[in-house]
Number of protein chains: 2
Amino acid sequence: MGIKELARHLNISIGTVSRALNGHPEVNAETRKRVLEAAAALGYAPDQAGRSLRQGTLNVVALLLSTDLTSKTDTMFFMELSRGIQDQFAEHGLDLVIHLNKPGMDMLDRVKRIVERRQADALILAETRDNDPRLDYLAGRSFPFATMGRSWSGGSHPWMDLDFDFAMRAAIDRLAGFGHRRVALVTGDPGYRLDTMLQDAYRRELMDRGIAIDEALMIRADTHEEGGYKAMTEFLAMAAPPTAVIFPHYRAVVGAYACLSESGLQPGRDVAILSCSADTTIAQFMAPPLTCFRLDLYGLGRRLAQALLATMPRFAESYGGALIQEIWPWELIGRDSDGFRVG
Amino acid sequence: MGIKELARHLNISIGTVSRALNGHPEVNAETRKRVLEAAAALGYAPDQAGRSLRQGTLNVVALLLSTDLTSKTDTMFFMELSRGIQDQFAEHGLDLVIHLNKPGMDMLDRVKRIVERRQADALILAETRDNDPRLDYLAGRSFPFATMGRSWSGGSHPWMDLDFDFAMRAAIDRLAGFGHRRVALVTGDPGYRLDTMLQDAYRRELMDRGIAIDEALMIRADTHEEGGYKAMTEFLAMAAPPTAVIFPHYRAVVGAYACLSESGLQPGRDVAILSCSADTTIAQFMAPPLTCFRLDLYGLGRRLAQALLATMPRFAESYGGALIQEIWPWELIGRDSDGFRVG
DNA sequence: GCTATCGTCGTAAACGTTTACGGAATAGAT
DNA sequence: ATCTATTCCGTAAACGTTTACGACGATAGC
């Protein structure tokens with residue numbers, strides 16, 4: 001059931017059918033109606049391959065995720081983000097497809113393949129690194145892309161990022177307000193922009209308050225349960241353990257909670273625990289409820305898609321054409337996991 | 001950079017170039033080498049649109065998920081499953097793309113769109129319902145598809161499913177062994193095959209042991225934290241509360257734990273809690289550690305992909321050509337959340 | 001020396017669209 | 001009656017591939 005059959009069925013040329021379906025003005029209203037009705041009745045929809053071959057566009061945007069990271073941290077984060085991205089694209093008839101990259105495979109190869117085989121019109125990347133060859137490659141070929149998280153690579157491109165400075169300030173404000181002076185920070189793999197920024201903000205905030213920085217209080221750990229467990233174990237073994245710990249993610253906190261309770265300690269009474277990112281509904285039901293930050297991930301996804309659309313020639317006019325780069329706020333949700341006064 | 005440029009650059013016809021790249025035998029070994037080298041050097045990769053237009057195949061399989069369900073239950077479940085599916089397809093050069101369906105949109109429309117526009121060569125559906133028009137549609141157009149979960153619809157098609165009978169027997173065996181007679185079951189939305197099967201198995205197992213079925217002990221709830229919290233609240237308000245509760249999912253258990261602790265009760269001492277599906281790493285770190293079932297989701301995904309491949313003409317030979325339908329086992333991981341003797 | 005076979009390659013058609021171009025028909029103006 | 005403008009539509013080329021078909025030279029068999 002191609003456009004040819006449809007045209008023959010209507011005794012009309014295929015050119016007219018195509019024009020009718022695509023809303024061109026130079027077609028009789030009566031004819032258009034007939035075409036649309038016949039198309040609906042016969043279940044005709046234009047073949048993507050033929051269309052994209054002709055006009056060099058697929059109406060597909062790819063989102064590249066690594067199963068590595070998504071399995072180690074929060075899948076919810078990316079689901080909500082993807083939902084927002086997809087809804088925004090849907091308004092322009094674009095489909096979002098998610099490519100999962102397995103741990104071993106080089107992400108750059110994956111990107112190259114998508115670009116060279118023209119599997120997408122544009123690309124969204126997450127988990128940006130400080131130095132990210134993927135972005136340089138895309139920028140070099142002037143392929144439209146946007147990233148979740150800033151990077152030094154890729155020249156000036158659209159991105160969305162989180163306000164780590166604000167988050168860290170709010171977190172340390174709160175903890176310092178409760179009297180904490182030995183505040184520890186757990187971060188993920190070095191090299192990721194996210195972790196770099198968290199550490200920088202952490203250092204800055206402590207220094208601003210005249211609190212000496214103890215490098216031993218900044219440790220790296222996987223951002224899942226076991227990582228949190230190990231990190232907490234390490235802290236408890238110190239001569240002078242921290243009285244408060246900031247985790248990047250709630251899953252690590254689950255491990256930390258378990259570690260504390262095994263040692264007869266209680267989070268929120270003996271050690272203050274605070275998490276940056278979190279599934280806020282699960283955080284609310286933890287024992288004790290976890291202080292964390294709320295993010296409008298859905299809105300963030302939508303905006304990220306908008307930023308990308310603004311750089312695509314076909315859609316730029318709808319978005320003003322200016323480069324969109326935004327830093328999104330976090331909202332601190334204070335709960336019981338760190339709500340106690342120390343010293 | 002199309003095949004034409006590449007051919008001109010080599011002083012060879014495009015036919016030969018195409019044959020060389022696709023491994024046809026009727027091409028000189030020397031020529032093939034030259035072509036492959038030039039392609040790599042110039043970064044040539046065949047255009048997907050052109051190729052699929054010609055041979056009517058996209059090398060793409062779509063996985064359809066609803067953000068509705070994935071946000072209410074476990075995103076991890078689908079991530080692991082997707083990872084397995086993708087790895088299996090990758091062995092045949094097929095890409096997996098994930099389509100997220102937003103809550104309001106009709107899944108059937110989405111399926112129709114993918115089929116009519118030829119956006120994929122095959123489809124994988126999850127969250128099957130007892131009566132699922134999507135499957136009938138696909139079967140009617142003889143479009144290759146496979147499902148996660150059985151259904152009454154769609155005729156005989158490849159699927160993977162879980163052994164609910166076994167799981168329920170193992171769960172109730174264990175609970176009955178601890179002396180429990182009032183065992184409750186929390187399930188999700190009616191109509192989903194998963195929930196139907198859990199309920200059936202539950203009834204059967206109780207009857208087999210001569211335990212009278214109390215319909216009040218089977219309640220429906222959303223399978224997330226709040227749903228679990230509400231369900232537990234309802235149970236506690238009963239004149240004769242259950243001494244054990246089986247939840248479908250660990251996220252609901254998080255809510256139940258919170259509810260119990262608010263009532264001064266302790267899971268694993270006052271009420272036995274058991275969860276079917278769970279992220280086993282998080283379950284291990286809960287307090288108390290949660291008894292649940294382990295699934296080889298990655299392997300399940302791979303096998304589901306194989307089942308689909310076996311029905312696709314191009315690949316059938318590699319998989320024997322027979323219809324693949326399998327019921328996968330769960331492995332009971334006994335922990336402390338239900339490990340106590342009652343009565 | 002003629003034919004048959006084989007290995008290798010070039011030619012051109014086909015896949016399903018979109019769109020530039022031109023033509024036919026109608027209407028309005030002179 | 002002629003000319004122009006407008007509206008609508010048909011024709012055909014083009015997008016980048018794959019592949020059936022035929023052609024060519026070389027080799028082998030007789």
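A, B, ... follow the sequence lines: proteins, then strands. Residue 1 opens every chain.
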Which nucleotide sits closest to the side chain of A/Ser13: D/dC9, C/dT8, D/dG10?
D/dG10
Using only heavy-atom distances, determine whether the side chains of A/Ser151 and A/Arg129 contain a donor-acceptor pair under 3.5 Å.
no
Side chain of B/Ile14 only, please: which of D/dT18, C/dC15, D/dC8 is the nearest?
D/dT18
When the distance from CZ of A/Arg32 to P of D/dC8 is rounded to whole Å, what number comes out?
10 Å
Assign B/Glu26 to base, sugar-phosphate, or nothing according to its heavy-atom contacts below 4.0 angstrom with the strands shown.
base
Please tell me if the side chains of B/Leu100 and A/Met79 come closer than 4.5 Å, counting only heavy atoms from C-beta onward.
yes
Any idea which of D/dT19, C/dT17, C/dT8 is nearest the B/His24 side chain?
D/dT19
Taking CD1 from A/Ile3 and P from D/dT11, how many angstroms apart are they, rounded to a whole number?
14 Å
Does a side-chain N or O of A/Arg51 approach OP1 or OP2 of C/dG16 to a distance below 4.0 Å, or not?
no
Nucleotide D/dT17, atom P - distance to CG of B/Asn59 in whole Å
14 Å
Below 3.5 Å, does any donor atom in the side chain of A/Arg19 face an acceptor in the base of D/dG10, or the other way round?
yes
Need to verify one output field. Residue with the more 5' nearest nucleotide on DNA chain C, A/Asp47 or B/Asn28?
B/Asn28
Taken to the nearest whole Å, CG/B/Leu58 to P/C/dG16 is 13 Å
Step by step, would you call A/Arg303 with A/Glu326 a salt bridge (Lys or Arg N to Asp or Glu O under 4.0 Å)?
CA-CA 9 Å; A/Arg303 192 66 182 142; A/Glu326 285 176 5; 2.7 Å; yes
Can you tell me the distance, in whole Å, between the CG atom of B/Leu10 and the P atom of C/dG10?
10 Å
Write down the distance between CG (B/Asn22) and C1' (C/dC9), rounded to a whole number of angstrom.
16 Å
Looking only at the aromatic ring of each residue, does the gap between the centers of B/Tyr319 and B/His92 stay below 6.0 angstrom?
yes
I want to verify a distance call: between C/dT18, C/dC9, C/dC15, whose nearest atom is closest to the B/Thr31 side chain?
C/dC9
Record whether the side chain of B/Arg54 comes under 3.5 Å of the base of D/dT17 through a donor-acceptor pair of N or O atoms.
no
May I ask you to decide whether B/Lys33 forms a salt bridge with B/Glu37, counting only side-chain N to carboxylate O separations under 4.0 Å?
yes
Nearest to side-chain heavy atoms of A/Leu53, which nucleotide of D/dC8, D/dG16, C/dG10:
D/dG16
Taken to the nearest whole Å, CD/A/Gln48 to P/C/dC15 is 19 Å
Pick the closest DNA chain C nucleotide for A/Gly15 and for B/Val27 by heavy atoms, then say which residue is nearer the 5' end.
B/Val27
Separation of B/Ile12 atom CD1 from D/dC24 atom P, in whole Å?
19 Å
Could you check which of D/dC9, D/dT19, C/dC15 has an atom nearest any side-chain atom of B/Ser18?
D/dT19
